[in-house]
Number of protein chains: 2
Amino acid sequence: MTTSTNPCPSENKKHCHHDMQVNCGNCRLNTICLPIALETDQIDQLDKIIQRGRPLRKGEHLYHANDPFTSVYAVRAGAIKCYSITNDGKEQVTGFYLPGEVLGMDGISKHRHGSSAKALETSAVCEIPFENLGDLSTRIPSLQRHFFQLMSQEITQDQELITLLSKNSAEQRIAALLLSISSRQARRKLSATRFRLPMSRTDIGNYLGLTVETVSRVFSRFQKLELIAVDNKELELLKPDTLRLMVDGEEGE
Amino acid sequence: MTTSTNPCPSENKKHCHHDMQVNCGNCRLNTICLPIALETDQIDQLDKIIQRGRPLRKGEHLYHANDPFTSVYAVRAGAIKCYSITNDGKEQVTGFYLPGEVLGMDGISKHRHGSSAKALETSAVCEIPFENLGDLSTRIPSLQRHFFQLMSQEITQDQELITLLSKNSAEQRIAALLLSISSRQARRKLSATRFRLPMSRTDIGNYLGLTVETVSRVFSRFQKLELIAVDNKELELLKPDTLRLMVDGEEGE
DNA sequence: ATCGCCCATTGACACAGGTCAACCCGGTTT
DNA sequence: AAACCGGGTTGACCTGTGTCAATGGGCGAT
């Protein structure tokens with residue numbers, strides 16, 4: 001409920017007293033982030049292992065693919081894009097992470113990050129050293145359970161994306177992405193119908209397996225049909241129900 | 001360390017005494033399955049919570065989407081296909097699971113299975129009740145770590161599939177699947193170049209976001225180019241290196 | 001054997017989305 | 001203010017894959 005939307009207005013300063021005050025107990029995201037389902041004193045324990053660095057500026061990396069894996073990260077503000085480079089040198093966007101969401105879990109298996117993570121805008125993240133989280137999880141079973149759930153959720157989401165890519169048209173994919181962002185906005189108690197897209201058209205296309213041109217055309221088409229109103233990255237969903245219908249599509253029947 | 005490679009040679013018989021004797025300690029898959037990295041006495045503890053039911057016949061379900069989630073499963077023999085039904089009623093294959101592989105982890109987050117699991121041929125699975133596994137994990141940190149790794153691996157694999165679907169041609173997708181099965185064969189010390197595809201062309205197409213017709217045409221083309229030899233479901237990779245090149249593709253350059 | 005069924009293959013054609021190219025717009029450099 | 005640059009939009013055309021339809025082959029049931 002701060003007046004400024006930017007968590008750290010003086011982002012150039014090395015230390016931002018704003019950030020130093022943050023902890024899981026008072027973070028306004030603690031009902032949707034890792035601490036969910038933890039007791040107050042357990043949150044304090046979790047809090048002790050979490051590290052909060054300086055904010056990332058747009059374009060800065062949180063980690064690179066193949067960096068040794070040490071931590072997972074929770075987004076506190078801003079937006080992070082995860083991507084990997086395919087063997088033939090192309091970028092593949094694997095996900096967008098918004099405040100309250102946890103990224104980096106794909107690095108656990110190989111002890112190296114499987115993808116790179118880059119700030120799409122000025123962002124703040126909480127670093128959660130994985131060793132400590134593992135230890136703590138053996139002492140707080142509900143934390144272990146919750147973390148299992150987080151990973152399982154990531155799997156479910158990836159599988160939904162797989163379905164989207166393998167079965168749905170360009171329009172359906174884009175409608176689905178817009179609705180996904182919308183519902184994640186709602187989870188944070190922000191407007192579900194008006195928001196700013198943190199990522200470029202190119203990123204959207206890359207994520208959804210489409211070219212920029214197609215993304216642009218679909219946006220234009222949606223605009224013409226008055227399903228949405230776009231002004232560059234500012235977006236308003238005018239008829240979310242219609243979009244929902246497109247995604248849940250009767251067409252195939 | 002058994003002499004027979006097939007854990008249940010007389011697979012038509014309702015009860016196969018072989019199966020009743022199986023435990024993690026003597027299972028020939030224990031170097032690639034869950035017990036990996038456990039001590040002997042820890043394996044015994046794991047073994048105690050694992051349940052081994054009767055084999056599944058082809059077409060039988062291990063669980064259905066939306067069944068309450070209680071367990072994850074390790075395949076001991078045969079092959080399992082996981083799939084979900086999209087909101088417009090189409091099937092989406094989300095994965096094929098071969099011996100030594102663990103499935104069902106997408107159910108953890110919602111306490112319900114996110115997909116259905118069906119035997120592609122006569123199969124045997126080990127059921128691992130998740131509550132018990134969680135408890136045991138708090139006492140055996142290496143088990144917890146390994147299970148985290150398994151889930152992370154599933155995430156990585158899903159992301160690879162996402163990349164495949166969003167960036168690669170029909171030929172590349174199919175080449176990639178063949179190589180994936182090949183390497184999983186090798187992991188089990190079976191031939192990496194000759195094997196039987198347990199799934200139908202339709203399933204392959206569904207999994208890879210292609211139609212049956214396209215799958216069939218690509219198989220024919222590969223056959224004509226003498227990259228593979230196909231006889232219905234029997235497959236031989238004649239030039240795995242060429243296939244590998246197709247997947248790692250220079251083309252885009 | 002014969003029937004029926006399902007899976008696989010092949011061909012002809014259509015179309016969604018990719019490719020290539022031109023242009024626009026807002027911001028930054030000179 | 002001119003030149004530049006990256007991101008976005010739009011148009012014209014092309015192509016890989018889907019769609020539809022016909023045919024064949026394997027296998028279980030009778």
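Reckoned from all heavy atoms, side chains included, excluding hydrogens, waters and symmetry mates. The chains referred to below are lettered A, B, ... by the order of the sequence lines, with proteins before strands, and numbering in each begins at 1. Only a predicted model underlies this, so the values are computations on that prediction, with no experimental measurement involved.
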Could you list all the salt bridge (Lys or Arg N to Asp or Glu O under 4.0 Å) pairs where at least one residue sits in residues 199-209 of chain A, not counting sequence neighbours? Lys81(A)-Asp203(A)

Distance, rounded to the nearest Å, where Glu234(B) contributes CD and dG26(D) contributes P: 14 Å

Provide the full list of ring pair (Phe, Tyr, Trp, His ring centres under 6.0 Å) pairs with a residue in residues 217-246 of chain B, sequence neighbours left out, each pair given once. none

For atom CZ of Arg57(B) and atom P of dG28(D), their distance in whole Å: 15 Å

Could you work out, with side-chain contact (heavy atoms from CB on, under 4.5 Å) as the rule, every residue matching Ala229(A), not counting sequence neighbours? Gln223(A), Glu236(A), Leu238(A)

Decide whether Ser84(B) and Gln92(B) meet the rule of one side-chain donor and one side-chain acceptor closer than 3.5 Å. no

Rounded to the nearest angstrom, tell me the gap between atom CG in Leu210(A) and atom P in dG17(C). 7 Å

Which part of the nucleic acid, if any, lies within reach of Ser216(A) when heavy atoms closer than 4.0 Å are counted: base, sugar-phosphate only, or nothing? base

Can you check whether Asp158(A) reaches Gln159(B) side chain to side chain, under 4.5 Å on heavy atoms? yes

What residue pairs, at least two apart or across chains, pass salt bridge (Lys or Arg N to Asp or Glu O under 4.0 Å) with a residue in residues 169-187 of chain A? Glu101(A)-Arg184(A), Glu171(A)-Arg221(A)

Which residues pass the side-chain contact (heavy atoms from CB on, under 4.5 Å) test with His61(B), sequence neighbours left out? His64(B), Tyr83(B), Ser116(B), Lys118(B)

Nearest-nucleotide wise, let me know which of Gly209(A) and Thr214(B) is further upstream toward the 5' end of DNA chain C. Thr214(B)

What is the distance, to the nearest angstrom, from the CG atom on Asn168(A) to the P atom on dA16(C)? 15 Å

The helix from dA1(C)-dT30(D) to dT30(C)-dA1(D): angle between terminal helix axes, five bp per end, to the nearest 10 degrees, reads 40°

Between atom CZ in Arg196(A) and atom C1' in dG7(D), what is the gap in whole Å? 13 Å

Could you tabulate the donor-acceptor pairs under 3.5 Å formed by side-chain atoms of residues 205-217 of chain A, not counting sequence neighbours?
| unit_1 | atom_1 | unit_2 | atom_2 | d |
| --- | --- | --- | --- | --- |
| Asn206(A) | OD1 | Val93(A) | N | 2.9 |
| Asn206(A) | OD1 | Lys167(B) | NZ | 3.0 |
| Asn206(A) | ND2 | Glu91(A) | O | 2.9 |
| Thr211(A) | OG1 | Thr214(A) | N | 3.4 |
| Thr211(A) | OG1 | Thr214(A) | OG1 | 3.0 |

Write down the distance between CD1 (Ile174(B)) and C1' (dG16(D)), rounded to a whole number of angstrom. 13 Å

Rounded to whole Å, CE of Met199(A) lies from C1' of dG7(D) at a distance of 15 Å

Readout for nucleotides 20-28 of chain C: B = base within 4.0 Å of protein heavy atom, S = sugar-phosphate only, - = neither; 5' to 3' it is B--------

Please identify each residue that fulfils side-chain hydrogen bond (donor to acceptor under 3.5 Å, both in side chains) with Gln153(A), with sequence neighbours left out. none

Taking NZ, NE, NH1 and NH2 as the nitrogens, is one of them in Lys90(A) or Asp88(A) under 4.0 Å from a carboxylate oxygen of the other? yes

Go through residues 218-233 of chain B and report each residue with a non-hydrogen atom lying under 4.0 Å from DNA chain C, sorted by number. Ser220(B), Asn232(B), Lys233(B)

Given dG18(D), dG17(C), dG7(D), which nucleotide is nearest the side-chain atoms of Ala170(A)? dG17(C)

The criterion is side-chain contact (heavy atoms from CB on, under 4.5 Å); which residues satisfy it with Ser220(B), sequence neighbours excluded? none

Just to verify, what does Gln185(B) make a side-chain contact (heavy atoms from CB on, under 4.5 Å) with, not counting sequence neighbours? Ile181(B), Arg188(B), Leu190(B), Phe195(B)

With nearest nucleotides of DNA chain D determined for Arg173(B) and Arg201(A) from heavy-atom distances, which residue corresponds to the more 5′ nucleotide? Arg201(A)

Quick check on dT17(D): is either OP1 or OP2 less than 4.0 Å from any side-chain nitrogen or oxygen of Thr211(B)? no

